[in-house]
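Let me give you the structure first, and then I'll get to my questions.
Proteins come first, then strands; the chains are lettered A, B, ... in the order of their sequence lines, and each starts at number 1.
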Protein chains: 2
Amino acid sequence: MDKLNVDVIAENLMAIHPLLYKSLTRPAKTNSNITPGGMFVLGSLKRHQTLSMSDIGKCLSMPKPHVTVIVDKLIEEGYVERSNDVNDRRIINISLTEKGATDFEELKLAISENLKEKLLLLSSEEIEQLSVASKQVKDILISILSKV
Amino acid sequence: MDKLNVDVIAENLMAIHPLLYKSLTRPAKTNSNITPGGMFVLGSLKRHQTLSMSDIGKCLSMPKPHVTVIVDKLIEEGYVERSNDVNDRRIINISLTEKGATDFEELKLAISENLKEKLLLLSSEEIEQLSVASKQVKDILISILSKV
DNA sequence: GATAATAGTTATACTTTTGTAACCATTATA
DNA sequence: TATAATGGTTACAAAAGTATAACTATTATC
């Protein structure tokens, strides 16, 4: 192999990125009103159940003030809720509400539907392959890039 | 398998997306001044050599006015250049300049360096696996999501 | 107990992205 | 040739993301 694997990986990820960017941030309209940043936060909460404001920021490499803005909006919409930490009263923990979980699931479904149209162009072997490969990429990237 | 493959894929991609978003759009500082949108455009041009304004828009699901804004800035920085189409005088073709190609390569290298730090945590088997899997994901997604 | 560090918010300014409508030039269609 | 369609720009407005500084409250450290 000419190039180092790492460079190949970087190149592949940089090609994947814009494709996901458009396909996943502006999906089919649902009745939910979730911004890309909001989606990221909800996704993190989905995986971790509860996160402090700081943890969300670390998780998504977001400055804390931005986290505040996004969470404020998510609270306004009823998707997440604040609760004070028992041990450290500085900390505010954020968790999904039932509505948040439901609407996020609905959004994922809408995205999935959106994708499904495109995936129909593939053979079932390719779909299987994409299913496996995307899981591998996901797991490895989470292990090294997810900061929480 | 409980869930349909397509839903699994959607879930995986939605987990991959925010990780890439932060790792790839705000990489190590280089002396280039390239916005995320600009990176997308340069990446498209890298793969296709030359694209019309409309094609760029289709490629990236961007409204045409936004393409104009981004390309204007890229021209200002000397990264791309306009040329009139020979057959259809409405069409303006955009292509990378030498500087654009160089600086984009440099940017990719910076991102690659950035990633390399994290990838050091992985075994060589995992790196190999990520290399293969990311290529599979890339190729399949390009085949169904890339509109040009 | 004084001081430093941490968690979170508020305020502010700026850049980027998104969306739409109106417009001109060119090409295709009837 | 009149009309419609296409490619691109201009102008405008609004939403979202980015970045930093200043501030309060709480906890940790000395």
Inset, instruction - Check the pair A:Lys99, A:Phe104 against side-chain contact (heavy atoms from CB on, under 4.5 Å), reporting the backbone distance first and the verdict last. - result: CA-CA 8 Å; A:Lys99 184 188 177 198; A:Phe104 184 62; over 6 Å; no
Legend entry - DNA chain D-proximal residues of residues 65-74 of chain A, any heavy atom under 4.0 Å: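 Close to the strand are A:Pro65, A:His66, A:Lys73.
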Inset, instruction - Would you check, one step at a time, whether the test side-chain hydrogen bond (donor to acceptor under 3.5 Å, both in side chains) holds for A:Asn93 with A:Ser83? - result: CA-CA 5 Å; A:Asn93 291 311; A:Ser83 63; 4.8 Å; no
Legend entry - Upstream residue (5' side of DNA chain D) when A:Pro63 and B:Asp88 are each assigned their closest nucleotide: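 That would be B:Asp88.
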Inset, instruction - Tell me whether the centres of the aromatic rings in B:Phe40 and A:Tyr21 are closer together than 6.0 Å. - result: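 Distance test on ring centres: under 6.0 Å, yes.
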Legend entry - Side chain of A:Thr35 (C-beta onward), nearest among C:dA7, D:dT20, D:dG17: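 My answer, after comparing the listed nucleotides, is D:dG17.
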Legend entry - Interatomic distance, A:Ile56 CD1 vs C:dT9 C1' [rounded to whole Å]: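 From A:Ile56 CD1 to C:dT9 C1': 14 Å.
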Inset, instruction - In whole angstrom, give the distance that lies between atom CD1 of B:Ile91 and atom C1' of D:dT6. - result: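 Spelled out: CD1 on B:Ile91 to C1' on D:dT6 is 9 Å.
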Legend entry - salt bridge (charged side-chain N to carboxylate O under 4.0 Å, His left out) assessment of B:Asp72 paired with B:Arg82: CA-CA 10 Å; B:Asp72 276 353; B:Arg82 284 193 173 86; 2.8 Å; yes
Legend entry - B:Arg89 vs D:dT6: side-chain N/O to OP1/OP2 distance below 4.0 Å: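 Answer no for this pair, as no side-chain N or O of B:Arg89 is under 4.0 Å from OP1 or OP2.
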Inset, instruction - Taking only the side-chain nitrogens and oxygens of A:Tyr21, find out if one of them lies under 4.0 Å from OP1 or OP2 of C:dT18. - result: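 Result: yes.
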Inset, instruction - Write down the distance between CG (A:Asp55) and P (C:dA7), rounded to a whole number of angstrom. - result: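 Roughly 8 Å, once rounded to whole Å.
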Legend entry - Donor-acceptor contact present, side-chain A:Glu77 to main-chain A:Leu74, <3.5 Å: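 Side chain of A:Glu77 to backbone of A:Leu74, a donor-acceptor pair under 3.5 Å: no, none is there.
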Legend entry - Distance in angstrom units between A:Asn33 CG and C:dT18 C1', rounded: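 Rounded to whole Å, this separation is 14 Å.
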Legend entry - Between P of D:dG8 and CE of B:Met62, the distance in whole Å: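 B:Met62 atom CE is separated from D:dG8 atom P by 15 Å.
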Legend entry - Rounded distance (Å) that lies between atom C1' of C:dG8 and atom CG of A:Asn93: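 One finds 12 Å between C1' of C:dG8 and CG of A:Asn93, rounded.
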Legend entry - Pairs satisfying side-chain hydrogen bond (donor to acceptor under 3.5 Å, both in side chains), at least one member in residues 42-52 of chain A, at least two apart: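 Non-adjacent pairs meeting side-chain hydrogen bond (donor to acceptor under 3.5 Å, both in side chains): A:Lys46-A:Glu105, A:Ser52-A:Asp55.
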Legend entry - Intermediate values then yes/no, salt bridge (charged side-chain N to carboxylate O under 4.0 Å, His left out), B:Asp85 and B:Arg89: CA-CA 6 Å; B:Asp85 191 276; B:Arg89 290 192 300 173; over 6 Å; no
Inset, instruction - Examine distances only and state if a side-chain atom of A:Thr97 and a backbone atom of A:Gly78 form a donor-acceptor pair shorter than 3.5 Å. - result: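 Present.
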Legend entry - Between C1' of D:dA16 and NZ of B:Lys22, the distance in whole Å: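 So the NZ-C1' distance, B:Lys22 to D:dA16, works out to 11 Å.
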Legend entry - Side-chain-base donor-acceptor pair under 3.5 Å for B:Arg90 and D:dT6: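 Flag set: donor-acceptor pair detected.
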Legend entry - Evaluation steps, salt bridge (charged side-chain N to carboxylate O under 4.0 Å, His left out), between A:Glu113 and A:Lys116: CA-CA 5 Å; A:Glu113 283 304 318; A:Lys116 212 171 287 190; 3.4 Å; yes
Legend entry - Selection from D:dT18, C:dG8, C:dT27 that lies nearest to any side-chain heavy atom of A:Lys64: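 Among D:dT18, C:dG8, C:dT27, the one nearest the side chain of A:Lys64 is C:dG8.
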Inset, instruction - Output the distance between atom CG (B:Leu20) and atom CG (A:Leu141), rounded to the nearest 0.5 Å. - result: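 It is 6.0 Å, given to the nearest 0.5 Å.
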Inset, instruction - Check every atom of D:dG8, D:dA16, C:dT18 against the side chain of B:Ile92 and return the nucleotide holding the closest atom. - result: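 Ranking D:dG8, D:dA16, C:dT18 by closest atom to the B:Ile92 side chain puts D:dG8 first.
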Legend entry - Nearest-Å distance for atom pair CG/P, residues A:Asn87 and C:dT6: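 Roughly 18 Å, once rounded to whole Å.
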Inset, instruction - Mind listing the residues from residues 46-54 of chain A sitting with a heavy atom below 4.0 Å of DNA chain C? Number order is fine. - result: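 A:Ser52, A:Met53, A:Ser54 - these, ordered by number, are the residues of the stretch whose heavy atoms sit under 4.0 Å from the strand.
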Legend entry - Side-chain N,O (A:Lys58) to OP1/OP2 (C:dT6) below 4.0 Å: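 It does not, given that no N or O in the side chain of A:Lys58 lies less than 4.0 Å from OP1 or OP2 of C:dT6.
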